[in-house]
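In each ligand, atom 1 is the first atom listed, and ligand 1 is the first ligand listed.
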Amino acid sequence: TLTPQQRVAELHQLLNRYGHEYYVLDAPTVPDAEYDRLFRELQQLEQEHPELASADSPTRRVGGAPLDEFQQVTHSVPMLSLSNAFSDMQLSERELRHEELLQFDERVRKGLDAAEVEYATEPKFDGLAISLLYRDGVLVQAATRGDGVTGENVTENIRTVRAIPLRLPAGAAVPSLLEVRGEVLMLKQDFDKLNAEQAARGDKTFANPRNAAAGSLRQLDSRITAQRRLSFFAYSIAQVEGEDWPASHSAEMAWLRELGFPVVAEDLRPVVRGVDGLIAYYEQVRQRRPGLPFDIDGVVYKVNQRALQDELGFVSRAPRWAIAHKFPAEEALTQ
Ligand SMILES: Cc1ccc(Cn2cc(C(N)=O)ccc2=O)c(C)c1
């Protein structure tokens, strides 16, 4: 038989794998009752052997004692919001018109002296941008964007977001340091359920999924956050040490999926060529928007090759290699 320490390690592996199957792959291989039995066994072992309880334990998914306040975090790589890109490029949050898209593509082609540019595309999630820091594969810090330089430490709340790995799978090429950026959001269906529960309890309801996600993440009591059905999608890597940094955005996304992070379905993030590819993608997503399981407020285009991103660089913190293209506000948001 196993020592308590060996059984705790085995339960971590099992519960993390099952959690990934259920929340990230949406393909559980064991019944909920089996997960629950193993989960309770781990809680029992941690109570009997407190020295075996660790910050990356699956039992931390239920939240813990409330904080008095959130600590501040300084981002070692600024978390730019693509709306900055608008302001610095004299484009406000308003909708980007097609001729401005032509100008963007022209600026990029000129900057790269290229006839045609390969772009990575993705939906612009309407949630909260989050930075996740992993040291030797263990989640050690989660922070909000804040003003882009200073954010709030929301690690205890983020531990309760079932789709966010507490530890990266040992098999994968685990870097010594990895900073992942992504969006915490609430799916439309979970938003509707939460509001129905809130109304039934006589508690306040939320205006939209983004507010519900923000309100749930701003809880000082992580046990409340744990009850809020938050989701997460990774969309970029900000720092890597100890492993090769993928050469393109699309390769970054493939690696993030291998590492166990939820990433949006591939058909929603094609690599396209030139401004015609961008416009075709924009129109396709605009059609599909009402049927998506989450709110989006536009799409994002990024020059795919990172070496070309570096060549184009930034203009006062806004990337010259990426831009957000928002949908017209008047389109009713379907819930
Ligand atoms: C009692 C109970 C336990 C677990 C879950 C949900 N769930 C299921 C699995 C699973 N099947 O692999 C993994 C993680 C998880 O959170 C529910 C809804 C109810």
Would you please indicate yes or no on a ring centroid separation below 6.0 angstrom for Phe233 and Phe294? yes
Answer with yes or no after comparing the ring centroid distance for Phe232 and Tyr23 against a 6.0 Å cut-off, counting only values under it. no
Who pairs with Arg135 by salt bridge (Lys or Arg N to Asp or Glu O under 4.0 Å), at least two apart in sequence or on another chain?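 In terms of salt bridge (Lys or Arg N to Asp or Glu O under 4.0 Å), with neighbours along the sequence ignored, Arg135 is linked to no residue.
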List in chain and number order the residues that pass salt bridge (Lys or Arg N to Asp or Glu O under 4.0 Å) with Glu41, two or more places apart in sequence or in another chain; answer none if no residue qualifies.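 Glu41: salt bridge (Lys or Arg N to Asp or Glu O under 4.0 Å) contacts with Arg7.
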Taking side chain to side chain donor-acceptor pair (under 3.5 Å) as the criterion, tell me which of Arg40, Gln43, Glu46 meets it with Thr59.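 Exactly one candidate clears the test, Glu46.
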Heavy-atom contacts under 4.0 Å to ligand 1, chain-then-number order, include exactly Tyr18, Tyr22, Tyr23, Pro28, Val30, Pro31, Asp32, Tyr35, Asp36
Just jot down the side-chain contact (heavy atoms from CB on, under 4.5 Å) partners of Ser250, sequence neighbours excluded, or say none. Ser248, Val271, Asn304
